[in-house]
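For reference, the structure is listed below as structure tokens.
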Amino acid sequence: MKKAMVIVFLLGMIPMQVNASALKMIQEGSAGGFHYKIMVEDRAIYWEVRHKEHKTMKFKQTNENKNTLESYREAVNKARGHRFAMILYAGYFVFVCLATLVFYKKRKHIPVSVGIIIGCLAVWGLYSGITNYIDMQAALQDAGYYYGTLLVE
């Protein structure tokens, strides 16, 4: 009876040891050709970093490269967020223009007060889209800088 309990206990321990040593992906992101993947294996954090024109590089996170890797991740995530906002504002701008066109076709005349409001909405959408594009480009430049810094290390 005791031998059976020991065997069951040992069989229960085997899958836990296999799962503990496997790579587990924590986070993954990409924007503008820059990609990263964060994985954990046995309390060590590994990063896979690549750009569309270069090969994939794997780094073990240390105290020396931790800030550079985190900055690279933040820059890629910012670029992805700004790209989403830029597309959203571009869609909003197109919607305002199409709504204005439909309103003009039905009425054959747009009152001045309505025209001012529609103009302000269109300019706001266009301005927001352009500023998000500029911010996205700045974030991609930052990601390129940190990628180059990781290449040198």
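In this chain, residues are counted from 1 in sequence order.
A donor-acceptor pair under 3.5 Å links the side-chain atoms of Y72 to the main chain of H35, judged by distance alone. A donor-acceptor pair is defined here as one N or O able to donate and one able to accept, closer than 3.5 Å; such a pair exists between the side chain of N65 and the backbone of K60. The backbone N or O of S128 sits less than 3.5 Å from a side-chain atom of T131, completing a donor-acceptor pair.
The structure places OH of Y89 at 10.5 Å from CZ of F84, a figure rounded to the nearest 0.5 Å. In this structure, Q137 CD and M86 CE are separated by 8.0 Å, a value rounded to the nearest 0.5 Å. Remark: L69 CG to T62 OG1 distance equals 7.5 Å, nearest 0.5 Å. Atom OG1 of T149 is separated from atom OH of Y146 by 7.5 Å, given to the nearest 0.5 angstrom. The CZ atom of F34 lies 8.0 Å from the NZ atom of K52; values are rounded to the nearest 0.5 Å. Separation of atoms CD1 (I110) and CG (L101) is listed at 8.5 Å; rounding is to 0.5 Å.
Smallest separation of non-hydrogen atoms from V76 and G29: CG1-C, 4.2 Å. Contact record, M25 with K37: SD-CG, 3.5 Å, taken as the closest heavy-atom pair. Heavy atoms only, all atoms of each residue included: A75 and A143 are closest at CB-N, 3.6 Å. In terms of heavy-atom proximity, A31 sits nearest to L140 at O-CD2, 3.7 Å. The two residues Y147 and K55 come nearest to each other via the heavy atoms OH-O, 4.0 Å.
Put simply, F93 and I118 are part of two different groups of oily side chains (I, L, V, M, F, W, Y) that touch within less than 4.5 Å, one to the next. Hydrophobic clustering of Ile, Leu, Val, Met, Phe, Trp and Tyr side chains at less than 4.5 Å, counting indirect connections, keeps L121 apart from Y127. No single ILVMFWY cluster, assembled from side-chain heavy atoms under 4.5 Å apart, contains both V102 and I117. Following chains of ILVMFWY side-chain contacts shorter than 4.5 Å, one cannot reach F103 starting from I116, and the two form parts of different hydrophobic clusters. Linking ILVMFWY residues whenever their side-chain heavy atoms come closer than 4.5 Å, directly or via other members, places V49 and Y145 in the same cluster.
Between M39 and the options K24, E48, Q27, a side chain to side chain contact (heavy atoms under 4.5 Å, CB included) holds for only E48.
In this view, Q61 and W47 satisfy the side chain to side chain donor-acceptor pair (under 3.5 Å) rule, not counting sequence neighbours.
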Original post:
So L151 and H51, side-chain contact (heavy atoms from CB on, under 4.5 Å) or not? Walk me through it.
Top reply: CA-CA 11 Å; L151 284 176; H51 188 260; over 6 Å; no

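Within 6.0 Å of atom OH in Y133, 12 or fewer heavy atoms from other residues, nucleotides or ligands are found, so the atom counts as exposed in its surroundings. The local environment of NZ in K58 is crowded, with over 12 non-hydrogen atoms from other residues, nucleotides or ligands closer than 6.0 Å.
Pairs engaging residues 73-83 under the salt bridge (charged side-chain N to carboxylate O under 4.0 Å, His left out) rule: E70-R73 [sequence neighbours left out].
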